[in-house]
There are 2 protein chains.
Amino acid sequence: MKEFEKLSERQRNILFFMDHYMTEHGFPPTIRDIGAATGIDSTSVVNYNLNKLVDAGFLERVASKSRGLRLIKAIPNGRNVMVKSTDSLLRVPHVGTIVAGHPVNVEPEVDHANAVEVPQQWLSGVDPKDVFALTVHGDSMIDAMIADGDLVILRKTTTARNGDMVAVWLDERNETTLKYFYDEGSRIRLQPANPTMGPIFVDYRHCQVQGKVLSVMRRLK
Amino acid sequence: MKEFEKLSERQRNILFFMDHYMTEHGFPPTIRDIGAATGIDSTSVVNYNLNKLVDAGFLERVASKSRGLRLIKAIPNGRNVMVKSTDSLLRVPHVGTIVAGHPVNVEPEVDHANAVEVPQQWLSGVDPKDVFALTVHGDSMIDAMIADGDLVILRKTTTARNGDMVAVWLDERNETTLKYFYDEGSRIRLQPANPTMGPIFVDYRHCQVQGKVLSVMRRLK
DNA sequence: TTTGACAATGAACTTATGTTTGGGTTACAA
DNA sequence: TTGTAACCCAAACATAAGTTCATTGTCAAA
């Protein structure tokens with residue numbers, strides 16, 4: 001990594017030590033820890049080099065917080081534990097399939113065996129408690145750019161904001177569908193994700209939001 | 001998890017907050033942080049409960065060190081279980097965007113800063129070394145059921161088997177596209193993922209496979 | 001040689017943060 | 001009642017740990 005080579009030896013040592021210390025302890029070292037490990041006996045020098053590393057994009061610092069350090073770039077031969085531990089996998093219950101003609105059951109029997117692992121970053125910071133997953137069955141969601149077999153991650157909710165992609169139950173049409181949601185006052189506009197297709201309009205009384213779509217994941221064979 | 005249920009509500013909240021704070025900041029919270037987040041306004045009470053959590057085997061503490069905390073057990077989260085996993089999450093280099101009219105550069109400068117984290121299960125057992133990610137720009141892949149902003153995970157390859165979804169460079173059309181690949185001997189048939197659309201046929205000499213699509217991930221706002 | 005940017009120093013300083021103390025409440029058993 | 005255990009509280013305390021500053025060394029450009 002070219003960028004890495006441009007750092008001073010001290011700075012590289014600091015990064016190595018950071019990485020090592022994190023794996024060892026689960027939290028970042030102090031300035032004095034770093035100094036002791038890299039042979040720098042002035043905290044200000046460590047501080048100076050830490051700021052250099054921030055400038056170079058290798059670190060993040062939170063001012064005036066003890067151990068307010070974070071590795072944000074992989075380093076050669078590093079274990080990158082920091083980077084990885086910032087993003088945990090979440091086991092999201094897989095509660096079934098979504099098929100046109102059937103409402104989605106959003107109060108599922110908890111079945112941990114049927115769980116999907118999702119990187120937390122794909123949940124947009126939503127409380128994991130409210131998250132569930134569905135597999136789309138059939139081609140009924142094609143106008144939402146969602147194919148047969150796709151996994152849809154949703155947040156359980158009964159309300160939506162304009163622009164959200166939601167799973168809605170349309171009792172007039174007797175189907176569940178995934179569309180972008182727009183409240184136009186007198187009616188709800190449901191816009192397909194595929195821009196070549198037109199919207200449908202429904203009365204809000206016939207439009208029950210079941211969940212907000214957070215992400216869609218498709219696994220090819 | 002039975003052990004978890006035996007904890008007091010405060011103690012469970014502390015664990016939830018710890019977990020949340022760690023993912024958010026990359027380092028553990030202070031006693032006062034925990035207190036503020038869980039409605040405990042005495043540091044000694046937080047301290048008391050932290051020690052209880054150590055006894056129960058959920059935490060490790062390092063005495064007299066600031067933020068000397070470490071979660072050592074997965075926490076059930078209502079019906080979701082957090083998995084602190086380092087090896088089932090892979091960092092895949094994100095090498096750019098795929099846009100109609102431009103070939104994909106599959107020999108990228110590896111920049112670990114621009115990496116996406118993907119659960120290993122979504123890589124279908126492919127050697128992680130060969131995996132890279134692209135963001136799709138524009139609506140040119142709509143016939144492949146892939147929308148603007150989608151993240152596509154690919155395996156670097158120049159060959160494909162029938163039925164694979166591949167990224168191909170079509171020099172006659174001067175574009176890169178994602179299609180299902182079928183070698184029909186005399187020609188290559190490229191089938192859009194959207195079953196309502198028809199295939200295109202090209203000579204194999206004008207069809208350069210750049211990668212096989214492993215999965216597609218879409219993150220909604 | 002002078003200049004200036006960069007790097008290093010160590011001590012003083014400030015504040016962030018863990019620990020202790022002395023005292024409370026509640027529930028329950030003896 | 002008394003005692004005890006588990007839990008909770010506020011404030012005082014001690015120290016862990018980040019920041020600042022005046023000064024010095026290094027080295028290349030002017």
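- For B/E60, there are no side-chain hydrogen bond (donor to acceptor under 3.5 Å, both in side chains) partners, not counting sequence neighbours.
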task: Spell out protein contact along nucleotides 11-22 of chain D as letters: B when the base is contacted, S when just the sugar-phosphate is, - when no protein heavy atom is under 4.0 Å; keep the 5' to 3' order.
output: B----SBBBBB-
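- Taking the salt bridge (Lys or Arg N to Asp or Glu O under 4.0 Å) definition, one finds that A/D203 meets it with A/R205, sequence neighbours left out.
- A nucleotide of DNA chain C counts as in contact with chain A when one of its atoms lies under 4.0 Å from a heavy atom; the first and last such, 5' to 3', are C/dC6 to C/dT17.
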Please tabulate, one pair per line, each protein N/O and nucleotide N/O from nucleotides 3-6 of chain D that are separated by under 3.5 Å, including the distance.
none

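- The distance from the CD atom of A/Q11 to the OG1 atom of A/T38 is 11.0 Å, given to the nearest 0.5 Å.
- Side chains of A/K65 and B/R67 form a contact here, defined as non-hydrogen atoms less than 4.5 Å apart.
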Show me the donor-acceptor pairs within less than 3.5 Å that the side chains of residues 27-34 of chain B make with the rest of the protein, sequence neighbours left out.
from  : atom 1 : to    : atom 2 : distance (Å)
B/T30 : OG1    : B/R32 : N      : 3.3
B/T30 : OG1    : B/D33 : N      : 2.9
B/T30 : OG1    : B/D33 : OD2    : 3.2
B/D33 : OD2    : B/Y21 : OH     : 3.4
B/D33 : OD2    : B/T30 : N      : 3.0

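- Distance check, rounded to the nearest 0.5 Å: OG1 of A/T135 to CE of A/M217 gives 12.0 Å.
- Atoms CZ and CD, on A/F16 and A/E9 in that order, are 10.0 Å from each other to the nearest 0.5 Å.
- Within 6.0 Å of NE2 in A/H25 there are more than 12 heavy atoms belonging to other residues, nucleotides or ligands.
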- request: Could you walk me through whether A/L71 and A/L59 pass side-chain contact (heavy atoms from CB on, under 4.5 Å), step by step?
  value: CA-CA 5 Å; A/L71 271 178; A/L59 281 183; 3.8 Å; yes
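- Salt bridge annotation for B/D150-B/R218: present, with a cationic side-chain nitrogen under 4.0 angstrom from a carboxylate oxygen.
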